[in-house]
Amino acid sequence: MELQDFYSSHGQFIGGAWCPGSENASVVVNPSTEVALGEMTPAGAAQVTEAIEAAWSARGAMRALTAWNRSRLLRRAATLIDERAEALGRLVALETGKPVRQAVGEAKASSESVDWFADEARRVFGMSYESRVKGDRYLVHMEPLGVVAAFVPWNFPLLLLARKMAPALAAGNTLVIRPSSEAAGATMALIKCFEDAGFPAGAINLVIGRPGDVTPTIMNDARVAKVSFTGSVPIGRQIVAQSAVTLKRVSMELGGHAPVIVHADADIDAFAALAAPGKFRNAGQVCASPTRFYVHESIAREVEQKLVAATRALRLGSPLDDATDLGPLTTSRRRDAVEKMVDEAVSGGARVLSGGTRPSTMERGYFYEPTWLTRLQPDAAVLNDEPFGPIGTLATFSTLDEVAAEANRLPFALAAYVFTRSLAKTHATVDRLEAGVIGVNTFVASTAETPFGGSKDSGYGREGGPHAIRDYLDTKFVNVAMPADAE
Ligand SMILES: NC(=O)c1ccc[n+]([C@@H]2O[C@H](COP(=O)([O-])OP(=O)(O)OC[C@H]3O[C@@H](n4cnc5c(N)ncnc54)[C@H](O)[C@@H]3O)[C@@H](O)[C@H]2O)c1
Ligand SMILES: O=S(=O)(O)c1ccc(CO)cc1
């Protein structure tokens, strides 16, 4: 099916039916060609209210499902996502510019996440314990919150959506989802997997619209009990402030600026082989992307040479080509922001070790060369603001005290990475780092079964792992006193 036909036949998903949006059409652009993939009609505020009403009405149908039923539905959705992974990945590649192999990997990881929460649905345990009054019982029930709103960004439109939908549905909630319009088709195709799995009508609602039409409507509606947001720190702050009006619960998965500490005893070849693809995965548009690389001064020269060589071996090109490692940035505003950061750093005296420009080989598209910068001024924007693009910075250190202070200097505390062969150094470094997730000798910091999230300005709440479902549950205490004349 042509993408335009898919946008027209799908669109918004409200109360179990696909329908067009009520607002003027907007164009979805292919970031690697700058050509329109098609047009879709965004949802207006009235449709967002309809979606909240549908989710509110479907609470009963979701509560009528047993945990085993919810588990079966999630398992079916996971299987469908897995079966459709190639098609889902292709949509992500077209809409966001992510290389197709990485995009298919994202679809598979989304399936794993839904599959993992299919099991979690059956492990929502309450408690029963002895009362301080003989014969009475204290019971603690875990219950769904009701209607949950999920705001999902464009950089991992499948995985980040799956990580919100799966625990919310496993716990028995209903959903109103607002994805980024940049990845409209990929999101619709993922929602279709849940529809085809057989969730009750109204349990899952999708509204793709402009923030001004969608967000205030959701935030001001007291029927929405919780909001889970992934995106930038400034928008996260706005949503937390707005949540006060109706006292919604909030989970925030915001930005990062991950430090990487490479100790003197690290395996340099293994590090360089992981660091180049790790840094430039999805063109650096990953909140956990490794960004500030601190290398022990005794190995700095060798690390720099090997890192630059490994980076030059990466293939930049069409996201639809299986051999591509690096596609374009997803939006022109991201490419422009990256370009500005690099140009300002260079004006301030930074040295470019590789990249530092748009590639001369690509005539169109929001491409930017994988870039390494060194000798940066401490106040350079790239060392302080999240680059969210293909830029890595290199600096040296001599002591753990010095590098730990530098790593923790920023208000972000999402991911951090450490490379060493020593267990003692591993523990000493990990203990000092402020981060929600830490990779030691690896850039894999998140799996379906492990908790992902940050603290400080990087937000709060955890996605993935056994902790995640707690954010979607309410606790009810029941004190069962025996009547004096009970039989
Ligand atoms: N944590 C992440 O995974 C993640 C993902 C995407 C973007 N970002 C952050 O966003 C920045 C760049 O992205 P951008 O140019 O799209 O920035 P942005 O701040 O405009 O938007 C970030 C995300 O929030 C959404 N958004 C914007 N306004 C919103 C609102 N009022 N209500 C609900 N959602 C809203 C957008 O659709 C997008 O998905 C990056 O610097 C990065 O910090 C973070
Ligand atoms: O692919 S993952 O490493 O699991 C991952 C983690 C965080 C984010 C948020 O940008 C995206 C992907």
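Just follow the structure's listing: the first ligand is 1, and inside any ligand the first atom is 1.
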Please report whether atom 32 (N) of ligand 1 has a protein non-hydrogen atom at a separation of less than 4.0 Å.
yes
Looking at [Y] and [X], is there a salt bridge between them, counting it only when a charged N and a carboxylate O are closer than 4.0 Å?
| X | Y | answer |
| --- | --- | --- |
| Arg333 | Glu182 | yes |
| Arg358 | Glu339 | yes |
| Asp82 | Lys108 | yes |
| Arg462 | Asp471 | no |

Counting only heavy atoms not in Arg335, do more than 12 sit closer than 6.0 Å to its CZ atom?
yes
Enclosure of Asn24 CG (heavy-atom neighbours >12, cutoff 6.0 Å):
no
Compute the centroid of each ring, for Phe388 and then for Trp154, and state whether the two points are separated by less than 6.0 Å.
yes
With a 6.0 Å cut-off on the ring centroids, do Phe419 and Phe443 count as close?
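Yes - the distance between ring centres of Phe419 and Phe443 falls below the 6.0 Å cut-off.
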For ligand 1, is there an N or O atom under 3.5 Å from any N or O atom of Gln238?
no
Are side-chain heavy atoms of Thr324 and Leu316 found at a separation under 4.5 Å?
no
Under a 4.5 Å cut-off applied to non-hydrogen side-chain atoms, are Thr246 and Asp221 in contact?
no
Name the closest protein heavy atom to [atom], giving the residue it belongs to and the distance to 0.1 Å.
| atom | result |
| --- | --- |
| atom 12 (C) of ligand 1 | Arg334 NH1, 3.6 Å |
| atom 11 (C) of ligand 2 | Phe156 CD1, 3.4 Å |
| atom 28 (N) of ligand 1 | Ile235 CD1, 3.4 Å |
| atom 15 (O) of ligand 1 | Arg333 NE, 2.8 Å |
| atom 6 (C) of ligand 1 | Pro153 CB, 3.4 Å |
| atom 9 (C) of ligand 2 | Cys287 SG, 2.4 Å |
| atom 39 (O) of ligand 1 | Ser180 OG, 2.6 Å |
| atom 43 (O) of ligand 1 | Glu386 OE1, 2.3 Å |
| atom 4 (C) of ligand 1 | Phe388 CZ, 3.6 Å |
| atom 25 (C) of ligand 1 | Arg178 NH1, 3.9 Å |

For ligand 2, is there an atom lying under 4.0 Å from some heavy atom of Gln285?
no
Taking a cutoff of less than 4.0 Å between a non-hydrogen atom of the residue and any ligand atom, is Arg163 in contact with ligand 2?
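Arg163: in contact with ligand 2 (<4.0 Å).
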Region of [X] engaging ligand 1 - heavy atom pairs below 4.0 Å:
| X | result |
| --- | --- |
| Leu254 | backbone |
| Glu182 | neither |
| Gln285 | neither |
| Phe156 | neither |

Quick one: which ligand 1 atoms are inside 4.0 Å of a heavy atom on Phe151?
33 (C)
Could you list the atoms of ligand 1 found under 4.0 angstrom from a heavy atom of Thr230?
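The list of qualifying atoms is 1 (N), 2 (C), 3 (O).
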Could you pull out, from Arg281, Gln102, Glu106, the option with a heavy atom nearest to atom 5 (C) of ligand 2?
Arg281
Heavy atoms only: which of Gly256, Gly389, Ser232 lies closest to atom 9 (C) of ligand 1?
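Minimum heavy-atom distance to atom 9 (C) of ligand 1 goes to Ser232.
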So, for Leu206 and Ile14, which heavy atoms are closest and what is the spacing to 0.1 Å?
O-CG1, 4.3 Å
Identify the two heavy atoms, one from Ala107 and one from Ile81, that lie closest to each other, and give their separation to 0.1 Å.
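Closest heavy-atom pair between Ala107 and Ile81: O-CG2, 3.5 Å.
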Under 4.0 Å from a heavy atom of Ser446: which atoms of ligand 2 are those, numbered in the order shown and with their elements?
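Here the atoms of ligand 2 in question are 2 (S), 4 (O).
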Do His263 and Thr429 meet the criterion of a side-chain donor-acceptor pair at a distance under 3.5 Å?
yes
